[in-house]
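Here the structure comes first, spelled out in structure tokens, and everything after it is commentary.
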Amino acid sequence: MIIITGAAGFIGSALLWALNQRGEKNILLVDNIDDNRKERNISSGTYKELLSIEDFHQRLRKGAFTARQIQAILHMGAISSTTETDWQKLQTFNVEYTQDVIRWCVEHAVRCIYASSGQTYGRGEQGFSDATSLFDKLKTTTLYGQSKLLVDIWARDAGYLEQIVGLRYFNVFGPNEQHKKHMRSVIAKQYDLVKEKGVMELFRSYRSDYPDGGQQRDFLYIKDAVAATLFFLDNVAVTGMYNVGTGNARSWNEVAGALFATLHKPPAITYVEMPEDLKAGYQYFTQADITALKAAGFTTPFMPLEEAVADYVGNYLERDKHLGE
């Protein structure tokens, strides 16, 4: 049996879809279904059972699971909002919960793949290398990023990263993200506006070295994020921390251009003020160093931004479809 935590969320539900595509049905889902869009994320999937976060965590702590039952735990569950200000909540769900899952897997010799984040790099002053020797030098700009980095450091210091896999996902976008509300990708948030009015809104730049819309991110399509994750499920001898990104930074203006091109509309961008609560933690540039990912053996080409946007819009947003529907 494969366990997916955060299973009704973005990456978790995409993993369910991809595993089903491979014929895998013996899957235990862990999540709290508090949104009908999350329910829809898994409604077309095939799985054995759905447990609440609390029920699963309690069973794990009480020893209700055995190593013979479980092939792997794909731990995607977390509070994923980069604007979350309740540290106690992050400590409970992102740090302690993840530590319990990792500890159980190591003690029972069960494959563990957990989600870290490109947010651990903050503004990127130390670059974007996933080398464990650099963990202590990283300076996060959000509490969310700090919660992820704390787990990474703990897992390294405890020697767990020699037995498990941590994945630092960069800017993932694609189908099954609608429940994320303000944390959805700009494509999901701006699609209706571009479709109806032919205009797209992007944040102004507050740095002279980046023009408006010239801020750059490593945009990763959800199907590529899933393919990389399943590579580590299949290759059990590979352990450690790995960035999961394309290795190429693209600007928000380029994202906008891809969306306009897909909808066959001339580009028309309005630059708006950034909310104050986003300014302090805003990343102007991210670009995953994927040297280690390639060295581990994952050499599958990532979908170019323009193709990924076209697939997302044409096959999902335009049709109001989720993965698997």
| task | Output yes when a side-chain donor or acceptor of K321 lies under 3.5 Å from a complementary backbone atom of N315, and no otherwise. | result | no
| task | Identify whether the distance between the nearest side-chain nitrogen and carboxylate oxygen of R168 and D130 falls below 4.0 Å. | result | no
| Exam field: side chain D218 to backbone T286, donor-acceptor pair closer than 3.5 Å | no
| message | Tell me whether the rings of Y282 and F203 are parallel (<30°), tilted (30 to 60°) or perpendicular (>60°). | response | perpendicular
| query | Distance only, no hydrogens: is a donor on one side chain within 3.5 Å (strictly under) of an acceptor on the other, for N243 and Y121? | reply | yes
| Aromatic F10 / basic K180 pairing, under 6.0 angstrom, 45° off normal | no
| task | Please say whether the positively charged group of R103, taken as NZ for Lys or CZ for Arg, lies over the ring of Y114, i.e. under 6.0 angstrom from the six-membered ring centre and within 45 degrees of the axis. | result | no
| query | Quick one: does R250's side chain get under 4.5 Å of E306's, heavy atoms only? | reply | yes
| query | With no hydrogens and no angle check, do the side chains of S251 and Y210 hold a donor and an acceptor under 3.5 Å apart? | reply | no
| request: Show your working on side chain to side chain contact (heavy atoms under 4.5 Å, CB included) between Y271 and N253 and close with a plain yes or no. | output: CA-CA 10 Å; Y271 299 101; N253 285 332; 2.9 Å; yes
| query | Using a distance-only test with no angle check, is there a side-chain donor-acceptor pair under 3.5 angstrom linking Q178 and N41? | reply | no
| message | Angle between ring planes, W252 versus F219, binned at 30° and 60°: parallel, tilted or perpendicular? | response | perpendicular
| For S116 and D152, does a side-chain donor sit closer than 3.5 Å to a side-chain acceptor? | yes
| task | On the 0 to 90° scale, with breaks at 30° and 60°, tag the H75-Y97 ring pair as parallel, tilted or perpendicular. | result | perpendicular
| task | May I ask you to check whether W154 and F135 place their ring centers less than 6.0 Å from one another? | result | no
| task | Report yes or no: does E84 contribute a side-chain atom to a donor-acceptor pair with the main-chain N or O of S81 at less than 3.5 Å? | result | no
| said: Would you call the rings of Y242 and F232 parallel, tilted or perpendicular, taking 30° and 60° as the class edges? | reply: tilted
| request: Answer with yes or no whether the side chains of S185 and E177 bring together a donor and an acceptor at under 3.5 Å. | output: yes
| Check against side chain to side chain contact (heavy atoms under 4.5 Å, CB included), E307 and Y221 | CA-CA 10 Å; E307 291 182 23; Y221 196 39; over 6 Å; no
| said: When you compare the side chains of S43 and H322, does any donor N or O come within less than 3.5 Å of an acceptor on the partner? | reply: no
| Under 3.5 Å: donor-acceptor pair, side chain of Q215, backbone of G213 | yes
| query | Hey, is CZ on F285 packed in by over 12 heavy atoms from elsewhere, all under 6.0 Å? | reply | yes
| NZ/NE/NH1/NH2 to OD/OE distance under 4.0 Å, R319 and E325 | no
| Should the pair F56 and F65 be assigned to parallel (<30°), tilted (30 to 60°) or perpendicular (>60°) ring geometry? | tilted
| said: Under a 3.5 Å threshold, yes or no: a donor from one side chain and an acceptor from the other, between E254 and Q216? | reply: no
